[in-house]
Structure formats: structure tokens, C-alpha cells
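Values below: all heavy atoms of this structure, side chains included; hydrogens, waters and symmetry mates excluded.
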Amino acid sequence: MPLFQNHFAINFYHKGVSKQFARRILSQVPRAGEKLVFNRTRYSVDSVEWCLDDDATNHEYQALINVEIIEA
């Protein structure tokens with residue numbers, strides 16, 4: 001059972017770039033098409049990928065989620 005049952009570990013990536021842009025722990029997962037703001041720059045969520053492997057989050061959070069963003 002995860003330590004933080006109502007939280008998700010979310011990795012953000014620029015679309016097409018393999019280097020991680022940001023990591024946040026959130027209580028809700030962004031959906032494709034939603035707008036996000038990082039350091040006063042707006043982004044659109046392009047895709048959301050759920051990684052549900054047993055060891056994906058070291059048993060701290062419900063799931064590890066990768067989100068691709070594009071500048072809006």
C-alpha cells in the first residue's frame with residue numbers, strides 16, 4: 001500500500017525531448033488538453049502515460065505518471 005494514497009508522482013517532459021523537465025507530487029493528474037503554468041510560461045498537456053509497475057514509485061505514491069507538454 002502506498003504511503004501517500006491520494007498523491008501521484010508526475011514527471012513532466014517537453015514533447016519529443018527525453019530529458020525530464022520537472023517533477024511534481026500532485027493529488028490530481030492533469031489530462032490531455034489542460035493548461036499548466038511553470039515559471040509564468042503556459043503549456044498544454046499533450047499526452048499522459050501511467051506507469052503502474054509495482055516498483056515504479058518505491059511504494060510512496062499511487063502511480064508514476066509521465067506527462068508530455070507543449071508550449072501554449
Side-chain angles (χ1 to χ4, degrees):
M1 176 179 281
L3 292 175
F4 304 100
Q5 294 182 34
N6 298 323
H7 290 83
F8 301 93
I10 303 176
N11 296 317
F12 291 91
Y13 296 88
H14 287 290
K15 184 171 176 73
V17 179
S18 60
K19 184 179 178 190
Q20 184 183 57
F21 171 70
R23 177 180 170 93
R24 300 292 185 271
I25 305 304
L26 301 174
S27 60
Q28 295 183 10
V29 178
R31 293 183 287 175
E34 289 186 328
K35 304 291 187 207
L36 306 173
V37 177
F38 284 100
N39 298 322
R40 299 186 188 123
T41 302
R42 289 183 158 287
Y43 297 92
S44 291
V45 175
D46 186 65
S47 66
V48 178
E49 176 185 70
W50 290 69
C51 182
L52 302 175
D53 294 340
D54 287 336
D55 62 349
T57 60
N58 296 325
H59 305 288
E60 290 183 80
Y61 304 102
Q62 280 189 339
L64 173 66
I65 295 137
N66 296 323
V67 174
E68 281 192 319
I69 57 175
I70 52 177
E71 199 165 329

So CZ of Phe8 and CG of Leu64: to nearest 0.5 Å the spacing works out to 11.5 Å

So CD1 of Ile69 and NE2 of His14: to nearest 0.5 Å the spacing works out to 5.0 Å

In terms of heavy-atom contacts, Tyr13 and Lys19 come closest through CD2-O, 3.6 Å

Using side-chain heavy atoms (C-beta onward) and a distance below 4.5 Å, is Gln20 in contact with Phe12? no

Original post:
According to a 4.5 Å side-chain heavy-atom criterion applied to Ile, Leu, Val, Met, Phe, Trp and Tyr, with indirect links allowed, do Val67 and Ile70 form part of one hydrophobic cluster?
Top reply: no

Return a table of donor-acceptor pairs under 3.5 angstrom between the side chains of residues 22-41 and protein atoms on other chains or two or more places apart.
residue : atom : partner : partner atom : Å
Arg23   : NH1  : Asn11   : OD1          : 3.2
Glu34   : OE1  : Arg31   : N            : 2.8
Lys35   : NZ   : Ser44   : OG           : 2.7

